[in-house]
Amino acid sequence: MLRIDINLIFTVINILVLAIAMKIFLFKPVKDIIDKRQKEADEEYEKATVAKNKADELRQQYDDSLLKLEEEKKETLRTARKNADSEYQRIIGLAESKAATIKSDAQIQAESTRQQVLKRAEREIADMVLNATEKMTGEAVGGKEINSSLYDEFLSKAGEEQ
Amino acid sequence: MEAVAEHIQEELNVQTVFTIPIGGGLPVAESVVVTWIIMGVLILLAFFLTRGFKTRNISKRQAAVEVVVTKLTGLVGGMLGEEGESYTTYLTTVLLYIGIANIIGIFGFKSPTKDLNVTLALALMSIILVQIAGIRAKGVKGWLKAFTQPIAIVTPFNILDLVTRPLSLCMRLFGNVLGAFVIMKLIEQVLPVFLPAVFSVYFDLFDGLLQAYVFVFLTSLYIKEAVE
């Protein structure tokens, strides 16, 4: 029953062979595939991280450019407003000066018209007076020229008094 | 009763299956032949189960193999610790082999572990592995010095360990398998129906796997001790 013989050596050889075979056919393939998968997963992760970083960078750039655009917009608006303002001022000024010119022109014209009207009225009045006097006095009183100068004098005096 | 004793006696005997005609003839025992069968099954299973492994969209077969192998090596590797990790493959193989050898009786084979040659071979290999691990980890000098630790006076006991450890490993395994077998045979004699099935779960399955685990656990404990 309890025999110890050459089968001990056989068993040792068997176990060693089995251990080596198991390593080749079972443990190594399994370990290899798990390692390979781990490596792939690591690579994927690495890739994902890189992509994420790049995306973040792009977003940052985008944000920056948006900000810059906003700034530019504001700047443009400000300049435009300033330009518009000065243009407005210029136009208003121009209009004002034009209006002033027109006003003064009108005044001058009105003045000259008044003067003309006055002068004409003076002359008409003088003529009327002369005619009347002529009719009243006839050709008796002195010469024609004397009479007319007399009336002129009278009229200008009357104008000064007014 | 006579018949029972004879039957058990016969079952326990390790038959010589055939003799290799070299020199005076090398008798090949039943245990060795059964071991070949176990080896053949294990290697073929390993070979075909690991065919066409992929990294993505794995089959259920691959997932199962991966889980089992990872769990087993994790179990053994955990017992060995970081320094003894390189012995994981051997010890996992031993775990598989003893586990299958212990329960192969269910399939009508004679357990190889019922042969003292097998358990002694396993125990001797274990103790040699422990010494190799010690020498590899500490060098010959450190390995020799370890015998005098923790104090010089325990040196004889440490040297004695070289004999007692494999002896206890060998005998524990052998005794358990033998004892379980004898008890099962007796239970079968008492009541051949139902009762053996219940006890078989413990004696044939649980105890067989437990002894495989104990053997590997103790060996890894010794290795861990040797490499530290």
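Values below: all heavy atoms of this structure, side chains included; hydrogens, waters and symmetry mates excluded. Labels below follow one simple rule: chain letters A, B, ... track the order of the sequence lines, proteins then strands, and each chain is numbered from 1. For clarity, every value in this text was computed on a predicted model and none was experimentally measured.
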Inset, instruction - Evaluate the side-chain contact (heavy atoms from CB on, under 4.5 Å) criterion for residues B/Thr93 and A/Lys23: first the C-alpha distance (whole Å), next the side-chain angles of each, then the deciding distance (0.1 Å), finally the verdict. - result: CA-CA 8 Å; B/Thr93 308; A/Lys23 192 182 169 75; over 6 Å; no
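- Only the side chain of A/Ile6 comes within contact range of chain B, judged by heavy atoms closer than 4.5 Å.
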Which donor-acceptor pairs under 3.5 Å do the side chains of residues 127-136 of chain B make with protein atoms, sequence neighbours left out?
from     : atom 1 : to       : atom 2 : distance (Å)
B/Gln131 : OE1    : B/Trp143 : NE1    : 2.8

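- Proximity to chain A is limited to the side chain of B/Thr73, based on heavy atoms less than 4.5 angstrom apart.
- Contacts between A/Leu16 and chain B at a heavy-atom distance below 4.5 Å involve backbone atoms as well as side-chain atoms.
- For the residue pair A/Arg37 and B/Lys54, the shortest heavy atom distance occurs at NH2-O, 3.6 Å.
- Contact of B/Val32 with chain A is made through backbone and side chain together, with heavy-atom distances under 4.5 Å.
- With a threshold of 4.5 angstrom between heavy atoms, B/Leu72 does not approach chain A through any atom at all.
- Without hydrogens or angle criteria, A/Asn14 side chain to B/Thr35 main chain gives no donor-acceptor distance under 3.5 Å.
- A donor-acceptor contact shorter than 3.5 Å is absent between the side chain of A/Asn7 and the backbone of B/Val118.
- If you measure heavy-atom distances from B/Thr119 to chain A, you find no contacts under 4.5 Å at all.
- Interface remark: B/Pro27 contributes backbone and side-chain atoms alike to the contact with chain A (heavy atom separation under 4.5 Å).
- Between the side chain of B/Thr50 and the backbone N or O of A/Phe25 there is at least one donor-acceptor pair closer than 3.5 Å.
- If you take CG on A/Leu18 and OH on B/Tyr90, they are separated by 10.0 Å, rounding to the nearest 0.5 Å.
- Checking B/Val65, B/Leu49, B/Val67, B/Val68 one by one against A/Val30, the side-chain contact (heavy atoms from CB on, under 4.5 Å) holds for a single residue, B/Val65.
- Looking at A/Ile34, only its side chain comes within 4.5 Å of chain B, counting heavy atoms on both sides.
- Heavy-atom distances place both the backbone and the side chain of B/Met39 under 4.5 Å from chain A.
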Inset, instruction - Check the pair A/Met22, B/Thr89 against side-chain contact (heavy atoms from CB on, under 4.5 Å), reporting the backbone distance first and the verdict last. - result: CA-CA 8 Å; A/Met22 282 288 108; B/Thr89 309; 5.6 Å; no
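- When heavy atoms are compared at a cutoff of 4.5 Å, B/Leu45 does not approach chain A at all.
- Heavy atoms of other residues, nucleotides or ligands lying less than 6.0 angstrom from CZ of B/Arg51 number more than 12.
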